[in-house]
Structure formats: C-alpha cells, structure tokens
Amino acid sequence: MLAASVPLPGGTLLLPRLVSDHEHAPYFAEQVILHQLAMLPSLTNKDPGRAPLPLLVWMILSFETLLLLLLLRLCKHLIIPAR
C-alpha cells in the first residue's frame, strides 16, 4: 500500500488523492488507509507478523528498483561523458 502511493510535497498521497472526491470528501481515501492500518488483527491467526507478502508488493518493489538503476545509469552518463 505504501509502495504504491507517491507522497506529494504537501504530505498527502498521490493515489488516494486521485480517487477521493475533492469537493465533498478530499481525505476519504487517506482515512480508509488509516482505518485499515489501525484495525486489530483477527484472533484466529496465531502469528499475524508472519503473513507472506503479496506478489504485487514484490512487483512494485522490483519496478522501483529497476527505475532507480536506470536513473543511476542515466546520471552516470550525464556526469561522466563517454570518451
């Protein structure tokens, strides 16, 4: 959830801001995220800290890593010109 949201300079999150109604409920999606993070885990799960990460999290993190590597390579070529 946090990997998919992009923080804006004002401190709000981009994706929740896009899905919220700006006129009637500008912070609705951020309130839903806060509610989900504040909920207690169910008592049926013995160890809630051991839940596996979903595939989407790994895909987002790998995309961000790939983007970072591409940006680093671009910066290297801009700073150190080819001979």
Side-chain angles (χ1 to χ4, degrees):
M1 175 178 53
L2 293 175
S5 60
V6 178
L8 296 174
T12 60
L13 301 174
L14 177 64
L15 294 177
R17 199 67 150 154
L18 291 175
V19 299
S20 295
D21 182 13
H22 298 291
E23 185 178 338
H24 300 290
Y27 297 106
F28 177 72
E30 291 177 347
Q31 289 174 350
V32 170
I33 292 173
L34 180 63
H35 173 71
Q36 290 294 323
L37 292 175
M39 290 179 59
L40 294 175
S42 65
L43 298 176
T44 58
N45 193 356
K46 300 294 182 198
D47 191 8
R50 293 288 183 181
L53 288 175
L55 179 64
L56 183 63
V57 173
W58 291 111
M59 289 172 46
I60 290 172
L61 290 175
S62 61
F63 174 74
E64 289 176 348
T65 304
L66 179 67
L67 184 65
L68 173 69
L69 291 174
L70 290 173
L71 287 174
L72 284 173
R73 186 172 180 181
L74 176 68
C75 290
K76 178 183 173 188
H77 286 293
L78 290 175
I79 292 173
I80 303 171
R83 296 179 192 182

Members sharing Leu70's hydrophobic cluster, built from side-chain contacts under 4.5 Å between Ile, Leu, Val, Met, Phe, Trp and Tyr, are Leu66
Could you tell me the separation between the CG atom of Leu67 and the OG atom of Ser62, rounded to the nearest 0.5 Å?
11.5 Å
Residue list, side chain to side chain contact (heavy atoms under 4.5 Å, CB included) with Phe63, at least two apart or on another chain
none
In Å and rounded to the nearest 0.5 Å, what is the CG to CG distance from Leu56 to Leu61?
9.5 Å
Other cluster members, Leu78 - Ile/Leu/Val/Met/Phe/Trp/Tyr, side-chain contacts below 4.5 Å
Leu74
